[in-house]
Amino acid sequence: MEISLAKIAIFIVLITILRLGWIILNWVWIRPKRLEKCLREQGLQGNSYKLLFGDLKQILKMKDQARSKPINVAGDILPRVIPFHHQMVENYGKNCLMWIGPTPMVIVMNPEEIKDIFNNLNDFQKTPKSPFAKFLMTGLLEHEGEKWTKHRKIMNPAFRLEKLKQMVPAFYDCCSQMIDEWKTLVTKEGSCELDVWPYLFNMSGYVISQAAFGSSFEEGRRIFRLQNEQAKYTVKLLFSVYIPGWRFLPTKMNKRMKEIENEVRVILKGIINKREKAMKEGEVTKDDLLGLLMESNYREIQEHGNNQKVGLSIEEIIEECKLFYFAGQETTAALLYLGDNKPDYDGLNRLKIVTMILYEVLRLYPPGFVIHRAVKKDTKLGNLVLPAGTQLCLPTILLQHAQEFWGEDSKEFKPERFSEGVSKATMGRITFFPFTGGPRICIGQNFGLIEAKMTIALILQNFRFDLSPSYTHAPFSVITLQPQFGAHIILNKL
Ligand code: HEM
């Protein structure tokens with residue numbers, strides 16, 4: 001009896017090992033080769049699959065090489081920012097195949113196909129993220145299907161223009177604090193050299209804190225600092241090989257990440273509970289993102305007869321608030337002239353040239369420079385049928401720099417391209433999509449543009465600036481596009 005039990009145990013272990021072996025073999029070889037065959041038979045060119053890593057080693061190597069040398073200010077930034085994809089398109093043409101580990105990724109540069117991808121949310125979904133990326137990018141950015149529809153519906157009212165208008169004074173306060181600091185730095189002669197990047201980065205975080213949490217601003221700032229620290233760890237992990245289960249090991253970094261996660265959660269829960277209590281006691285809702293989100297959520301629940309399924313839970317509100325910090329901290333700087341008035345919403349709205357300049361900055365330096373999607377079932381796209389499990393890469397920055405769409409001067413900074421608006425500049429094609437397009441277009445695009453306009457308006461009211469001789473042109477990709485060695489300018493007091 002004992003022997004037969006031992007035999008059964010050995011048999012089960014063997015079956016388990018064989019099953020595991022099969023799963024691994026299928027994952028690292030059989031499945032990728034099957035997908036490769038299917039894609040190649042349809043005429044797609046590109047790299048052959050390499051065991052387990054695909055093109056990952058080459059991507060990282062080229063990134064490191066590109067990052068090691070800066071470029072000329074007027075130089076082509078594509079080989080530096082996105083060297084691998086750029087080379088692939090040069091070698092194999094606009095529709096080609098690359099490998100992110102064992103996952104095939106098809107580069108798509110046809111505007112009609114990109115339009116299809118943006119409009120068909122169910123066919124083209126977000127790519128699955130590693131558990132590390134989820135520390136930063138959760139909430140609306142990641143949801144799919146009914147959950148996304150519900151969250152987007154509840155969040156939309158908080159981002160409407162009339163609500164954003166009410167946030168303009170908060171933008172103004174954060175921005176003037178930064179300007180006041182700069183004023184103290186300018187010497188008696190009236191000028192100084194400054195790396196403005198950390199100031200702009202911090203300011204956009206404070207704007208989010210103020211606009212998202214208004215009266216709970218101090219707690220908001222604390223969250224901003226914690227989320228910033230979390231972002232640094234996350235980036236470190238995203239650029240290392242992902243080992244399943246690693247995040248559960250008690251390493252110093254894992255422990256700190258967990259601590260941050262818990263502290264942010266506790267602070268947000270505290271703010272939300274306080275607000276909920278005030279709302280129940282009939283207090284007027286605050287005009288910050290959190291207040292508007294909670295009000296919209298409350299209305300949704302009321303309209304559906306207190307059916308909790310239709311609203312967001314506290315946990316879900318917490319995830320959405322955390323996302324504001326990651327998604328909302330991108331901004332750009334450029335030029336304008338605006339009298340001496342305190343800039344208000346209507347004033348900012350009239351700044352046509354600034355809008356053109358911002359669009360041109362977003363065209364040449366889109367913060368989200370590539371967009372990824374995945375197909376879960378066999379899906380038609382143009383002439384291709386993409387097998388389930390294929391991922392898509394929409395290289396925003398390559399399309400926005402392409403001569404074919406923008407003319408011979410496509411690499412030059414020429415805001416006048418946008419003098420008659422985006423659709424004239426693009427001739428109605430999807431060749432400019434810094435905020436993506438379709439129903440999942442960035443919910444915070446107006447928020448970001450108003451904030452950028454406010455910043456430029458205030459800088460130009462107070463300073464004239466030139467590029468510093470110590471500025472090194474080195475745009476590089478972390479998760480978004482950033483200046484590797486900062487943004488050094490010479491500030492001259494007006
Ligand atoms: C210049 C500033 C900004 C740029 C260039 C930008 C860009 C983008 C892009 C490219 C996406 C789509 C990502 C994808 O589908 O894979 C996106 C989505 C999103 N953005 Fe922004 N964003 C900016 C500012 C903001 C701000 C200020 C907020 C919030 C306060 C925000 C919140 C979001 C959210 C919640 C989503 C997810 C929308 C959805 O999936 O329904 N963004 N953004």
Side-chain angles (χ1 to χ4, degrees), residues 114 117-121 124-129 133 136-145 147-156 158-160 163-164 167 170-171 174 200-201 203-213 220 224 227 288-290 292-293 312 316-317 319-334 355 357-374 391-397 399-400 430 432-456 479-482:
I114 292 178
I117 295 170
F118 286 153
N119 285 333
N120 295 313
L121 299 188
F124 303 99
Q125 302 201 350
K126 294 293 179 87
T127 49
K129 294 276 175 305
L136 286 181
M137 293 175 261
T138 50
L140 196 62
L141 202 56
E142 284 308 297
H143 301 328
E144 295 290 352
K147 190 168 185 190
W148 174 80
T149 311
K150 176 172 104 173
H151 281 232
R152 181 90 190 202
K153 185 174 169 217
I154 290 171
M155 287 170 76
N156 270 340
F159 286 89
R160 291 218 178 99
K163 296 296 180 191
L164 292 179
M167 291 177 202
F171 292 176
C174 293
L200 293 175
F201 186 79
M203 189 207 70
S204 58
Y206 295 154
V207 167
I208 288 286
S209 305
Q210 181 75 278
F213 303 112
F224 163 57
Q227 285 295 89
D288 51 27
L289 284 181
L290 176 62
L292 294 166
L293 181 62
L312 307 188
E316 287 174 325
I317 295 182
E319 290 310 319
E320 298 300 353
C321 290
K322 274 166 59 187
L323 175 62
F324 291 152
Y325 281 91
F326 172 73
Q329 223 180 317
E330 301 304 330
T331 189
T332 20
T355 308
I357 291 168
L358 286 177
Y359 283 157
E360 186 65 345
V361 172
L362 286 168
R363 182 181 77 82
L364 290 170
Y365 300 90
F369 55 96
V370 284
I371 298 294
H372 294 127
R373 292 291 185 265
Q391 295 195 358
L392 299 169
C393 168
L394 287 48
T396 314
I397 197 167
L399 272 107
Q400 295 186 172
I430 309 287
F432 175 73
F433 50 95
F435 300 102
T436 71
R440 276 202 100 137
I441 195 164
C442 171
I443 203 171
Q445 64 168 315
N446 287 321
F447 185 116
L449 286 172
I450 295 173
E451 179 192 342
K453 285 187 199 174
M454 172 66 83
T455 315
I456 296 160
I479 296 177
T480 54
L481 197 57
Q482 298 188 5

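Order of appearance sets the numbers: ligands from 1, and atoms from 1 within every ligand.
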Exercise. So, Q400 side chain and L362 main chain: donor-acceptor pair closer than 3.5 Å or not?
Worked result: yes
Exercise. For atom 10 (C) of ligand 1, which candidate among G368, P439, P434, G437 provides the closest heavy atom?
Worked result: P434
For this session: Find out whether L323 and L140 are in side-chain contact, i.e. whether some heavy atom of one side chain is under 4.5 Å from a heavy atom of the other.
Result: yes
Exercise. Going through the checks in order, is the side chain to side chain contact (heavy atoms under 4.5 Å, CB included) test met by F124 and L394?
Worked result: CA-CA 12 Å; F124 303 99; L394 287 48; over 6 Å; no
Problem set entry | Enumerated ligand 1 atoms positioned under 4.0 Å from heavy atoms of K126 | 14 (C), 15 (O), 16 (O)
Exercise. Can L449 be said to touch ligand 1, with heavy atoms closer than 4.0 Å?
Worked result: no
Exercise. Is there a side-chain contact between I114 and L399 (heavy atoms, below 4.5 Å)?
Worked result: yes
Exercise. Going by heavy atoms, is E320 under 4.0 Å from ligand 1?
Worked result: no
Exercise. If we only count N/O pairs under 3.5 Å, is R373 in contact with ligand 1?
Worked result: yes
Exercise. Any idea which atoms of ligand 1 are less than 4.0 Å away from a heavy-atom of W148?
Worked result: 39 (C), 40 (O), 41 (O)
Exercise. Contact between C442 and ligand 1, counting heavy atoms under 4.0 Å?
Worked result: yes
For this session: Just let me know how E144 lines up against ligand 1, side chain, backbone, both or neither, with a heavy-atom cut-off below 4.0 Å.
Result: neither
For this session: With heavy atoms only and a cut-off of under 4.0 Å, state how R152 meets ligand 1: side chain, backbone, both or neither.
Result: side chain
Exercise. So which of V207, D288, L292 actually passes side-chain contact (heavy atoms from CB on, under 4.5 Å) with M167?
Worked result: L292
For this session: Check ligand 1 against L323 and write out every atom of the ligand that is under 4.0 Å from a heavy-atom position of the residue.
Result: 35 (C)
Problem set entry | Residue selection (non-hydrogen contact nearest atom 30 (C) of ligand 1) among I208, V361, L140, T396 | I208
For this session: State, with a plain yes or no, whether a side-chain heavy atom of I117 is found less than 4.5 Å away from one of I371.
Result: no
For this session: Could you see which bit of F159 sits under 4.0 Å from ligand 1, with heavy atoms only: side chain, backbone, both or neither?
Result: side chain
Exercise. Any idea which atoms of ligand 1 are less than 4.0 Å away from a heavy-atom of I443?
Worked result: 32 (C), 33 (C), 34 (C), 35 (C)
Problem set entry | Atom pair CZ (F432) and OH (Y359), whose distance is rounded to the nearest 0.5 Å | 6.5 Å
For this session: Taking the side chain as every heavy atom from C-beta outward, state whether E142 and E319 have any atom pair closer than 4.5 Å.
Result: no
Problem set entry | Geometric class of the F224/Y206 ring pair [parallel <30°, tilted 30-60°, perpendicular >60°] | perpendicular
Exercise. With atoms numbered from 1 as shown, which atoms in ligand 1 lie under 4.0 angstrom from a non-hydrogen atom of P367?
Worked result: 5 (C)
